[in-house]
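What follows is one structure encoded as structure tokens, with my remarks underneath.
Side-chain atoms are counted along with the backbone in the values below, which use heavy atoms only and exclude waters and symmetry mates.
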Amino acid sequence: MFDEKKTMREIELLGSEAREIEWKKFRLIVPPTVYPPKEDSNLLAGVLEKITPFGKKRLLEIGSGSGALSILAAYLGWEVESCDINPFAVATTRFNAIENDLQITVSEGGIGPRIDGQYSQWMKPGSYDLVIWNMPYIPAEEIEEYLGPMEDAALVDTHPGGLLTEFAEMARRFHLTSPTGICLVLCRDNFGSKRTKDILLAKGLATRVVENLTFDNSETIQVLAVWHPFVKSKKQQIHSIPSTNSKMLEHTYKAGDSLRARFQTDGKGRHGRTWDDHLDSFKGSWKLDPLQIPNITSQLQCKVALEITSLLQSMASDNDSLCVKWPNDLLIRDRESNQWKKAGGILFQSLSRGAEQSLVLGIGINTKATDVVQGRGSLEEIGIGIDNTELFTLLDTVVSSLFENKSNLKNVSLKSHDVELKLLLKNCIYRNQTCTVTGVTDDGNLRVESHEGEAFSVSDDLSLLWPDLQLQ
């Protein structure tokens with residue numbers, strides 16, 4: 001990566017004076033080849049400050065740079081270890097920790113483009129309650145000129161497969177956190193054509209955006225909380241049952257517990273419709289906390305459907321082969337007719353018994369084309385070769401990401417994000433007028449606009465006709 005000119009520039013900078021920086025309550029000395037705290041550091045620090053230390057209070061920072069975040073974490077009560085692949089950053093973190101009268105263990109190493117020694121040289125695998133990483137998030141191919149050693153080391157991702165993928169694999173194998181631990185990763189909102197979230201979800205990791213920042217050039221960075229989904233919950237599978245939703249509503253299950261069946265004899269959809277079942281379809285339900293979700297809205301149903309669709313779309317052979325028919329139907333595009341076919345759906349159901357409330361989320365998706373009812377589709381048709389067990393793992397991460405109550409994240413500001421309009425079925429007929437879907441309101445109604453420019457807010461999906469949808 002470094003030619004002779006860049007190497008000479010590196011040597012020149014090493015001879016420059018270090019800067020003294022006041023950051024929050026701390027005084028930092030930062031050499032010219034070490035990354036100082038910037039906007040991205042501040043974003044991650046804001047999330048860290050809202051998390052009360054939990055578990056054994058063990059924290060690892062990957063890529064410590066000046067040591068700013070490690071020092072903040074130690075001040076907040078964490079037992080801190082940190083690492084950096086830059087030896088000057090290691091020395092800087094150690095020096096600044098001592099200068100601020102805080103105890104931090106610092107090692108040389110980290111997740112990088114090459115394996116340099118064993119992971120145990122810079123971490124204790126699987127022992128941390130919290131791992132933080134302000135990761136290099138600019139792909140090397142986007143860099144037109146050398147930024148300098150500080151920016152290159154801290155901002156540019158030179159890993160051939162992407163540092164995010166390497167991180168996800170380490171997290172998946174429990175190399176980073178304890179089973180109940182959390183990672184906080186600062187990265188871009190997109191990695192190539194995929195959402196960063198979807199890359200992590202595909203590895204079986206629950207992922208939630210807890211903070212983000214958009215720069216003047218429209219680039220967005222975000223802090224993602226990443227964890228293993230529902231590790232203490234019961235995951236049950238049975239052969240045949242009338243309805244997974246009904247069983248979970250009527251029996252004692254805890255929030256996060258899940259139930260899936262090979263065959264369902266009395267499955268229901270919205271408005272009391274039946275779900276035509278066969279063995280090559282997924283049927284599953286998750287128990288949710290009714291205190292966390294006081295109202296079942298169309299917006300909530302749409303959010304769940306869109307999250308599932310976005311993840312599956314990232315795995316499909318075509319980049320426009322899935323969409324959502326508001327508010328809760330998952331559709332796949334028929335390659336011959338270019339029309340849409342229903343491949344699945346989601347359904348919230350609740351039950352009240354006196355003061356006791358019970359809430360479940362049911363998800364049904366056709367995985368194989370075998371025995372699918374005419375006019376319906378399957379994931380297999382769009383190049384997603386996945387069995388029901390593999391699909392359950394993916395759906396479990398989506399449900400956990402949206403609804404698992406991670407008590408140590410309860411004070412983190414969860415911003416509401418706009419509905420991804422590109423994933424919604426667009427063309428509809430409302431009040432005998434040809435319309436186009438333009439968005440979803442805050443209370444979950446669908447926004448549509450007629451070709452004559454008249455705008456409507458639609459609360460009932462039965463009032464809509466969808467001309468691009470195949471008849472069932």
Please check: side-chain N/O of [X] versus main-chain N/O of [Y], any donor-acceptor pairing under 3.5 Å?
X: K24; Y: L72; result: no
X: S285; Y: N245; result: yes
X: N366; Y: S281; result: no
X: D289; Y: L291; result: yes
X: N217; Y: E219; result: yes

Can you establish whether the number of heavy atoms outside [X] located under 6.0 Å from its atom [atom1] is more than 12?
X: E22; atom1: CD; answer: yes
X: F392; atom1: CZ; answer: yes
X: K254; atom1: NZ; answer: no

Mind checking salt bridge (charged side-chain N to carboxylate O under 4.0 Å, His left out) for [X] and listing every partner two or more places apart, or none if nothing turns up?
X: D198; value: R195
X: R94; value: none
X: E81; value: R58, K124
X: R447; value: none

N-O pairing of [X] and [Y] below 4.0 Å:
X: K56; Y: E79; value: no
X: D396; Y: K235; value: yes
X: E404; Y: R208; value: no
X: K287; Y: D257; value: no
X: E381; Y: K368; value: no

- Message: Quick one, W23 with N42, criterion side-chain hydrogen bond (donor to acceptor under 3.5 Å, both in side chains). Give me CA distance, side-chain angles, the key distance, then yes/no.
- Response: CA-CA 9 Å; W23 184 75; N42 295 336; 2.8 Å; yes

- ring pair (Phe, Tyr, Trp, His ring centres under 6.0 Å): which pairs involve residues 293-331, sequence neighbours left out?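 Those involving residues 293-331 do not exist here.
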
Could you list the donor-acceptor pairs under 3.5 angstrom formed by side chains in residues 174-185, with sequence neighbours left out?
| residue | atom | partner | partner atom | Å |
| --- | --- | --- | --- | --- |
| S178 | OG | G181 | N | 3.3 |

